[in-house]
Amino acid sequence: MSKKRQITIVDIAEAAGVSIATVSNVLNRRNVPMTPETIRKVEQTAEQLGYRRNVMAASLSRKKSYELGMLVPVFGGYHGQFAEEMQRMAHGYGYHLSVFSAAGFDPEIEKRHLDVLLQRRVDGLICHGLAMSQEATRHLVGEGTPLVLFNAWGWPNDIAVGAVNLDFVDGCDEAVRHLYEQGCRTIVYLAKTSLYATDLQRRAGFRNGLSKLPEPVPYDMIDSDEVETIDQALEQVERLWNREAPVGILGFDDVISLAFMSAVQRRGYRVPEDFRIAGINNDPVTTVCHPMLTSLDIPYALQAEMTMMLMLEALGDTRALKQSPADEARKLKRIGHEIQIPLRLIARRSSIAEALE
DNA sequence: ATTATGCTGGACCTGCTAGC
DNA sequence: GCTAGCAGGTCCAGCATAAT
């Protein structure tokens, strides 16, 4: 079946009896003087003929696609929510966002998606801390398409114009302090090494937190990818626990924390009497489980906004310079070309001692 | 004569194909 | 192998006309 010829602005110009430039001006609502009659005529003709804008042609002409490419390791969870927020943010600035998933941290799939996005001439790329090597990334994006990273630490700025990172170090530090203050004298981090950089940041924060406590506390870091079931992780914790004070648990994310909480409750322990548990992400499910789960809240909108600002700046878009609250007011830290977004601990029943009768 | 308004003409964008 | 032409838009200099 041959494709039906598409209606173009040439057809509209002919039918409406004006030039194609006038049609372009009307349909793009450019601020050029035009009579209301011309505007009405063009709009009506476009409507009647069923015109649909050809973005490829527009990109060709403007040498700009107004399309951004985004690569996330997986759809769902934090990445799903962040992609949604990014999409909203990009749309607000007149950009369309194409989001691809790298199916975990598969460097081959990452490379393929990045290739496709560059072939499509996206104006910019927004990526997680990539699994593919920095050299390969440099080679791929080295031709002028700006790359803004999120949750990527230590990438040189000849590859990425900047990175907007969640401050897991301070966040986990605070979570450890919170668990200690709530009476925990054994503290365990349930890690997820398959998520590389973000896990390393959490580990660093966990260690920082422990080192700042007034006394040394038995601790462990259990990799949830290593143990067969979450019950095995619980058994490992039981071997460490002296039963004199509750155990504090910090999970890699809310899903892991909730899985652990279920295992604990199945085994007949009580939360928060025996186990005091915290997660990361502040997923909506944290307020519908029992007891409600303490979690580190992620300011998605702020992270998306800062990512968009870096991108607009790299694209020479003056809107990036518009007045926004000062970094101090938002507790943002800048380390070189990296921006650190603060996390906020939301304490709920799963970890609070004094809420008990 | 000068200025403002409303519109037009044509160069240009990139990558591919057809013709020479 | 080289060149011209095409796709469907954008952009801007410049034109015709009306108003001052």
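Chain naming here is simple, since letters A, B, ... match the order of the sequence lines and numbering starts at 1 in each. No hydrogens, no waters, no symmetry mates; every other heavy atom, side chains included, goes into these values.
Annotation: A/Tyr269 is in aromatic contact with A/Trp241 [ring centroid separation under 6.0 Å].
Seen from the ring of A/Phe252, A/Arg202 counts as a face-on cation partner, given the 6.0 Å and 45° thresholds.
Using a 4.0 Å cut-off, no side-chain N or O of A/Tyr66 falls inside it from OP1 or OP2 of C/dG9. One finds no side-chain N or O of A/Arg52 lying less than 4.0 angstrom from the OP1 or OP2 phosphate oxygen of C/dG9.
The 12-atom threshold is exceeded at CD of A/Glu238, counting heavy atoms of other residues, nucleotides or ligands nearer than 6.0 Å. Residue A/Glu47 qualifies as open at atom CD: its count of foreign heavy atoms under 6.0 Å is 12 or below. Within 6.0 Å of CE on A/Met292 lie no more than 12 heavy atoms contributed by other residues, nucleotides or ligands.
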* Structure fact -> Heavy-atom contacts, protein to nucleotides 14-20 of chain C, under 4.0 Å, summarised as B (base), S (sugar-phosphate only) or - (none) per nt, yield -------
* To do: Heavy atoms under 4.0 Å is the rule here; annotate nucleotides 7-15 of chain B 5' to 3' with B where the base is hit, S where only the sugar-phosphate is, and - elsewhere.
  => SBB---BBS
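With contacts defined as side-chain heavy-atom distances shorter than 4.5 Å, the pair A/Ile277/A/Phe260 qualifies.
Salt bridge A/Asp199/A/Lys192: absent, no basic N to carboxylate O contact under 4.0 Å.
Under the 3.5 Å distance criterion, the side-chain polar atoms of A/Asp254 are matched with a main-chain donor or acceptor of A/Ile280.
Rounded to a whole Å, the NZ atom of A/Lys64 is 15 Å from the P atom of C/dT10. Atom P of nucleotide C/dA7 and atom CG of A/Asn54 are separated by 12 Å, given to the nearest angstrom. The distance from atom CZ of A/Arg53 to atom C1' of C/dG8 is 11 Å, rounded to the nearest whole Å.
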